[in-house]
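Residue numbering restarts at 1 for every chain, and letters A, B, ... go by the order of the sequence lines. As a basis for the values below, the full set of heavy atoms in this structure was taken, side chains included, without hydrogen atoms, waters or symmetry mates.
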Protein chains: 2
Amino acid sequence: MSPSAAPARIERARSVFSALGDETRMGLVARLSSGGPQSIAQLTTRTDVTRQAITKHLDVLAGAGLVKDSRRGRERIWELDSTRLTEAGRTLDQISRRWDEALDRLRKFVED
Amino acid sequence: MSPSAAPARIERARSVFSALGDETRMGLVARLSSGGPQSIAQLTTRTDVTRQAITKHLDVLAGAGLVKDSRRGRERIWELDSTRLTEAGRTLDQISRRWDEALDRLRKFVED
DNA sequence: CCCATGTGCAACCTCCAGATTGCATATTGG
DNA sequence: CCAATATGCAATCTGGAGGTTGCACATGGG
């Protein structure tokens, strides 16, 4: 496993954030994470948008590698794929940590 | 410090992701995290967009609570505020962890 | 005191994300 | 076999995000 260059990692995280930035999509992810794999029809219930809209949103999430689908009869089942989610979380931690360390250095410097 | 209700926490994270979803803004955050506090003019260099565009992006980042500004003479200095960044990262971890645990339960259930 | 530098404001433009509607196509249960 | 259910495909619409331009307004250095 290569260490994955920082820029690529950041860009990957950005695509994840772009996908999660939408309210409907964030809701879908939350539902999937707690409710388990579900069909499009199921995911459409308790939503104020059309099934078509949900389908598009799921496609976007899939594009960011956050979900994957499989067929079960006439249904299309969607489920979460936590890999990218975890990675994006770690990337955020890194950025904020780097900033905090820079702050510390600055503080010490000022004290001298 | 109240534990902050889950929905509010998620919504806050979503607004952070929405801000970080843009390529230019993600770039600004990366620059600020490693390069320290900088003026608008500085942040505009090495960018293919106008200073006005950068200003708007900074305003969006500020709206999500990711950066804060202060004046220094005729300059306006922007710096990172890692609080929301860290929180958003933890939120992602929680979601993916919840999903992973659900997966484990499902696996054990199937084995029985 | 003046000019170069750093910003703020506001009008304006363009494009595409997010949504809808209408119709075609699979599957399944009884 | 047939009607109900679940989804796919495509055309179309629209508001707002992201960008620019032009000009006014501070501030600091020489």
Side-chain angles (χ1 to χ4, degrees), chain A residues 10-32 35-80 84, chain B residues 10-32 35-80 84:
Chain A
I10 290 210
E11 173 53 25
R12 213 155 41 224
R14 192 201 61 72
S15 101
V16 168
F17 299 150
S18 174
L20 293 181
D22 180 85
E23 196 167 355
T24 305
R25 285 195 291 268
M26 182 56 122
L28 286 174
V29 167
R31 274 179 82 162
L32 286 175
Q38 294 170 60
S39 73
I40 298 177
Q42 284 178 306
L43 289 170
T44 302
T45 63
R46 263 175 286 267
T47 301
D48 55 348
V49 292
T50 313
R51 168 181 60 87
Q52 321 289 355
I54 297 294
T55 295
K56 288 190 184 179
H57 282 304
L58 287 169
D59 286 338
V60 172
L61 288 172
L66 292 174
V67 296
K68 49 185 179 180
D69 67 305
S70 59
R71 307 217 62 129
R72 194 174 65 191
R74 65 185 154 191
E75 290 179 315
R76 192 173 168 194
I77 307 296
W78 287 92
E79 68 177 273
L80 222 59
R84 295 292 167 79
Chain B
I10 290 209
E11 172 53 25
R12 213 155 42 224
R14 191 201 61 73
S15 102
V16 168
F17 299 148
S18 174
L20 293 181
D22 179 85
E23 197 166 356
T24 305
R25 286 195 291 269
M26 182 57 122
L28 287 174
V29 168
R31 274 179 82 161
L32 286 175
Q38 294 171 60
S39 73
I40 298 178
Q42 283 178 306
L43 289 170
T44 302
T45 63
R46 263 175 286 265
T47 300
D48 55 348
V49 292
T50 313
R51 168 180 61 86
Q52 322 288 355
I54 298 294
T55 296
K56 288 190 183 180
H57 282 304
L58 287 169
D59 286 338
V60 173
L61 288 172
L66 291 174
V67 296
K68 50 183 181 182
D69 67 304
S70 58
R71 307 217 61 128
R72 193 175 67 192
R74 64 186 156 189
E75 291 179 314
R76 190 172 169 195
I77 306 297
W78 288 91
E79 68 177 273
L80 221 58
R84 294 291 167 79

d(CG, B:Leu28; P, D:dG19) in whole Å: 10 Å
Gap between atoms CD and C1', on B:Gln38 and C:dT7 respectively (whole Å): 17 Å
Quiz item: A:Arg51 side-chain donor-acceptor pair to D:dG8 base, under 3.5 Å: yes
Interatomic distance, B:Leu58 CG vs D:dA17 P [rounded to whole Å]: 17 Å
Distance, rounded to the nearest Å, where B:Gln42 contributes CD and C:dT7 contributes C1': 14 Å
Touch class at under 4.0 angstrom, heavy-atom based, for A:Arg72 against every strand present: nothing
Presence of B:Thr24 side-chain N/O under 4.0 Å of D:dG19 phosphate oxygens OP1/OP2: yes
Under-4.0 Å side-chain N/O to phosphate OP1/OP2 contact, A:Thr50 with C:dT20: yes
Phosphate contact (D:dG18 OP1 or OP2) by B:Arg25 side-chain N/O below 4.0 Å: yes
Contact nearer the 5' end of DNA chain D, comparing B:Val60 with B:Gln52: B:Val60
Test side-chain contact (heavy atoms from CB on, under 4.5 Å) applied to B:Thr47 and B:Leu28, step by step: CA-CA 10 Å; B:Thr47 300; B:Leu28 287 174; 5.7 Å; no
Most 5' of B:Glu75 and A:Ala53 on DNA chain C, judged by nearest nucleotide: B:Glu75
Phosphate-side-chain proximity, B:His57 and D:dA17, N/O vs OP1/OP2 below 4.0 Å: no
Whole-Å distance separating the CG atom of A:Asp22 from the C1' atom of D:dG16: 14 Å
Heavy-atom check, side chain of A:Leu58 versus side chain of A:Asp69, under 4.5 Å: no
Pair of N/O donor and acceptor under 3.5 Å linking D:dT5 base with A:Arg74 side chain: yes
Whole angstrom value for the distance that separates P of C:dA17 from CD of A:Glu23: 19 Å
Side chain of B:Lys56 (C-beta onward), nearest among C:dT7, D:dG8, C:dA11: C:dA11
Between D:dA26 (P) and B:Arg71 (CZ): distance, integer Å: 11 Å
Note, B:Leu20 side chain near B:Leu66 side chain (heavy atom, < 4.5 Å): yes
Backbone N/O of B:Arg76 and side chain of B:Arg71: donor-acceptor pair under 3.5 Å: no
Whole angstrom value for the distance that separates C1' of C:dA26 from CZ of A:Arg76: 14 Å
Gap separating the OG1 atom of B:Thr45 from the CZ atom of B:Arg31, nearest 0.5 angstrom: 4.5 Å
